[in-house]
Amino acid sequence: QVLVAESGGGTVQPGGSLRLSCAASRSILSFNGMGWYRQTPGKERELLAYITREGSTNYGDSVKGRFAISRDSAKNTVYLQMNSLKPEDTAVYYCYAHSGRPYWGQGTQVTVSS
């Protein structure tokens with residue numbers, strides 16, 4: 001059973017920062033890639049950031065320049081550094097891994113509010 005699990009969510013003021021972590025049950029380099037998505041009620045799940053096995057990254061337009069994905073293969077962990085947070089960033093954030101099929105974390109709530 002492949003598991004990925006997010007942590008690091010919480011409440012932050014606009015302009016603040018959070019770092020989310022996604023821990024995987026096996027080597028993150030065994031996946032084709034891993035990424036972060038978010039979802040709010042009534043909206044489609046939105047791709048935020050993705051990193052391939054080779055280390056290439058891409059970002060959704062709404063977070064370019066503010067969010068950064070990184071990884072620590074020794075810890076089987078992928079991170080999402082979130083800076084300059086805005087109220088519209090409020091969502092449930094999901095970790096995603098792909099290796100022939102998708103694997104999803106359980107989600108972690110991020111709330112950006114004064």
Side-chain angles (χ1 to χ4, degrees):
Q1 186 83 4
V2 175
L3 298 174
V4 293
E6 309 92 337
S7 63
T11 300
V12 64
Q13 292 187 339
S17 297
L18 285 174
R19 189 178 75 161
L20 305 182
S21 299
C22 175
S25 62
R26 73 187 203 195
S27 172
I28 62 175
L29 299 181
S30 72
F31 296 104
N32 294 339
M34 298 182 68
W36 291 92
Y37 289 72
R38 68 185 179 192
Q39 189 167 31
T40 56
K43 296 179 63 178
E44 294 183 358
R45 192 166 292 188
E46 176 188 13
L47 173 66
L48 304 175
Y50 193 80
I51 185 166
T52 69
R53 177 184 290 136
E54 294 72 32
S56 298
T57 60
N58 63 84
Y59 296 91
D61 289 341
S62 65
V63 303
K64 286 181 180 177
R66 298 190 298 122
F67 291 10
I69 189 169
S70 62
R71 65 188 181 188
D72 186 339
S73 59
K75 297 181 179 179
N76 286 358
T77 300
V78 170
Y79 303 96
L80 184 68
Q81 180 65 47
M82 308 165 64
N83 299 322
S84 301
L85 285 163
K86 306 173 182 179
E88 51 263 45
D89 294 320
T90 297
V92 177
Y93 284 67
Y94 295 91
C95 182
Y96 166 87
H98 181 262
S99 181
R101 62 172 296 171
Y103 302 91
W104 293 94
Q106 79 288 347
T108 186
Q109 177 70 45
V110 172
T111 301
V112 184
S113 176
S114 298

Notebook entry, point to check: Would a distance-only check, ignoring hydrogens and angles, find a side-chain to backbone donor-acceptor pair under 3.5 Å from Arg45 to Arg38?
Noted result: no
Notebook entry, point to check: Does Ser84 offer a backbone N or O that forms a donor-acceptor pair with the side chain of Arg66 under 3.5 Å?
Noted result: yes
Next item on the list: Using a cut-off of 6.0 Å, state whether more than 12 heavy atoms not belonging to Glu88 lie near its atom CD.
Entry: yes
Item checked: Closest non-hydrogen atom pair between Ser17 and Asn83, with its separation -> OG-OD1, 2.9 Å
Margin query: If I take atom OG from residue Ser25 and atom CG from residue Asn76, how far apart are they, to the nearest 0.5 angstrom?
Written below: 8.0 Å
Margin query: Tell me every residue that passes salt bridge (Lys or Arg N to Asp or Glu O under 4.0 Å) with Lys64, counting only those two or more places apart in sequence or in another chain.
Written below: Asp61
Checklist line | Close side-chain approach of Pro14 to Ser114, heavy-atom, < 4.5 Å | finding: yes
Notebook entry, point to check: Any disulfide bond (SG atoms under 2.5 Å apart) pairs touching residues 21-114, not counting sequence neighbours?
Noted result: Cys22-Cys95
Note to self: If the condition is ring-ring contact (aromatic ring centres under 6.0 Å, His included), which residues does Tyr96 pass it with, not counting sequence neighbours?
What the structure shows: Tyr37, Trp104
Item checked: Hydrophobic cluster identity match, Tyr103 and Val92, side-chain contacts under 4.5 Å -> no
Margin query: I'd like to check Thr90 versus Val110 (side-chain heavy atoms, cut-off strictly below 4.5 Å). Are they in contact?
Written below: no
Next item on the list: Just jot down the side-chain contact (heavy atoms from CB on, under 4.5 Å) partners of Leu85, sequence neighbours excluded, or say none.
Entry: Val12, Leu18, Phe67, Met82, Asp89, Val112
Item checked: Shortest non-hydrogen contact between Ser27 and Ser30, atoms and distance -> O-OG, 2.6 Å
Next item on the list: Quick one: list whatever passes side-chain contact (heavy atoms from CB on, under 4.5 Å) with Ser7, sequence neighbours left out.
Entry: Ser21
Next item on the list: Determine, stepwise, if the pair Gln13 / Ser113 fulfils side chain to side chain contact (heavy atoms under 4.5 Å, CB included).
Entry: CA-CA 5 Å; Gln13 292 187 339; Ser113 176; over 6 Å; no
Next item on the list: Would you please test Trp36 and Leu47 for side chain to side chain contact (heavy atoms under 4.5 Å, CB included) and show each step?
Entry: CA-CA 6 Å; Trp36 291 92; Leu47 173 66; over 6 Å; no
Next item on the list: Applying side-chain hydrogen bond (donor to acceptor under 3.5 Å, both in side chains), name anything that partners Asn58, two or more places apart in sequence or on another chain.
Entry: none
Check: Hey, are the side chains of Val4 and Met34 touching, using non-hydrogen atoms and a 4.5 Å cut-off?
Finding: yes
Next item on the list: Say whether Ser70 and Gln81, considering side chains only, have a donor N or O and an acceptor N or O under 3.5 Å apart.
Entry: no
Notebook entry, point to check: With Ala49, which residues qualify under side-chain contact (heavy atoms from CB on, under 4.5 Å), at least two apart?
Noted result: Tyr59, Ile69, Leu80
Note to self: Tell me whether Thr52 contacts the main-chain N or O of Gly55 through its side chain, where contact means a donor paired with an acceptor under 3.5 Å.
What the structure shows: yes
Margin query: Restricting to side-chain hydrogen bond (donor to acceptor under 3.5 Å, both in side chains), what partner residues turn up for Thr111, sequence neighbours left out?
Written below: Gln109
Next item on the list: Sequence neighbours left out, what pairs pass ring-ring contact (aromatic ring centres under 6.0 Å, His included) with at least one residue falling in residues 74-95?
Entry: none
Notebook entry, point to check: With distance as the sole criterion, is a donor-acceptor pair present between the side chains of Asn32 and Ser99 under 3.5 Å?
Noted result: no
Next item on the list: Keeping to residues at least two apart or across chains, list the salt bridge (Lys or Arg N to Asp or Glu O under 4.0 Å) pairs with something in residues 4-27.
Entry: none
Item checked: Within residues 67-81 or reaching into it, pairs that qualify as salt bridge (Lys or Arg N to Asp or Glu O under 4.0 Å) - sequence neighbours excluded -> none
Check: What residues, two or more places apart in sequence or in another chain, satisfy side-chain contact (heavy atoms from CB on, under 4.5 Å) together with Ser73?
Finding: Ile28, Leu29
